[in-house]
Amino acid sequence: ITKEQQALMKIITDAYNRHQIPQDVAKKLLQDQYSAEENFLLLTEMATSQVQVLVEFTKNIPGFLSLDREDQIALLKGSAVEAMFLRSAQVFNRKTPSGHTEVLEERIRKSGISEEFITPMFNFYKSIGELHMVQEEQALLTTVTILTPDRPYVKDQQAVERLQETILDVLRKLCVLQHPQEPQYFARLLGRLTELRTLSHYHTEMLASWRMNDHKFTPLLCEIWDVQ
Ligand SMILES: CC1(C)[C@H]2CC[C@]1(C)[C@H](OC(=O)c1ccc(O)cc1)C2
């Protein structure tokens, strides 16, 4: 890993760690009661703050703000669900001491999300947990997801591809250094991105079923996912 690649990795990892979900949202998970309605409201607050965190993090990706403005929006809209699942996978697998994860899992299971979506979601969290990613890998993998050139409506795909390749190069070298006993580790990481894409289809259905039951989303979530 070259000096500038180390600098790039540090910028991205620091930004990833700096933009965490506000403690008040995490704390609420433990306090409020357990009705399906309450749970939905908490998840709404959590998803909204995760999207805010995503936007702030993305602005710190070197080169992102030099992309065409409309392409920046297209990348954010195209990757929001995947980035959110990656981030929440890390929350789940950190096994926060205060038992947040059990409570969060409980609330998710009782918030009107259908079982057919719950199962793949928790399978994904398990498969991410088994990778034992270091925080640099988590930050870089999320960046690779955001910088996916073939999102809908991206005009200058080459510009996005160039940025993504830079990050992939650092991630590949980091995987070799962090997991020398597992030469195919980098390929396994990228395989998770494919799993993420199937999850985002389930996510669209989840939103639709909530809307059918007249649940309200926040303006930010409506904007990022073109609902309502
Ligand atoms: C952990 C998760 C990634 C999983 C369950 C909660 C999440 C934050 C996310 O919730 C939403 O997308 C969502 C969208 C709209 C809404 O009003 C509430 C939640 C799906």
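Quick caveat, the model's predicted, so the values are computed rather than measured. Each ligand, and each atom within it, is numbered from 1 in the order the structure gives. Because only heavy atoms are used, hydrogens play no part in the values below, and waters and symmetry mates are left out as well, while side chains stay in.
Figure legend: R107 and Y34 shown as a cation-pi pair, the cationic atom lying under 6.0 angstrom from the six-membered ring centre and within 45 degrees of its axis.
F92 and Y125 have parallel rings, their planes meeting at less than 30° on a 0 to 90° scale where 60° marks the start of perpendicular.
Counting heavy atoms of neighbouring residues, nucleotides and ligands inside a 6.0 Å radius, atom CD of E37 exceeds 12 of them.
Closer than 4.0 angstrom to ligand 1 lie heavy atoms from F40, L43, T44, A47, M84, F85, S88, I108, M121, Y125, H203, M206, L207, W210, F217, L221, W225.
A search for side-chain contact (heavy atoms from CB on, under 4.5 Å) contacts involving K77 returns I73, I224, D226, not counting sequence neighbours.
Salt bridge annotation for D156-R151: absent, with no cationic side-chain nitrogen under 4.0 angstrom from a carboxylate oxygen.
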Evaluate the side-chain contact (heavy atoms from CB on, under 4.5 Å) criterion for residues Y16 and R87: first the C-alpha distance (whole Å), next the side-chain angles of each, then the deciding distance (0.1 Å), finally the verdict. CA-CA 10 Å; Y16 190 77; R87 176 147 329 243; 3.4 Å; yes

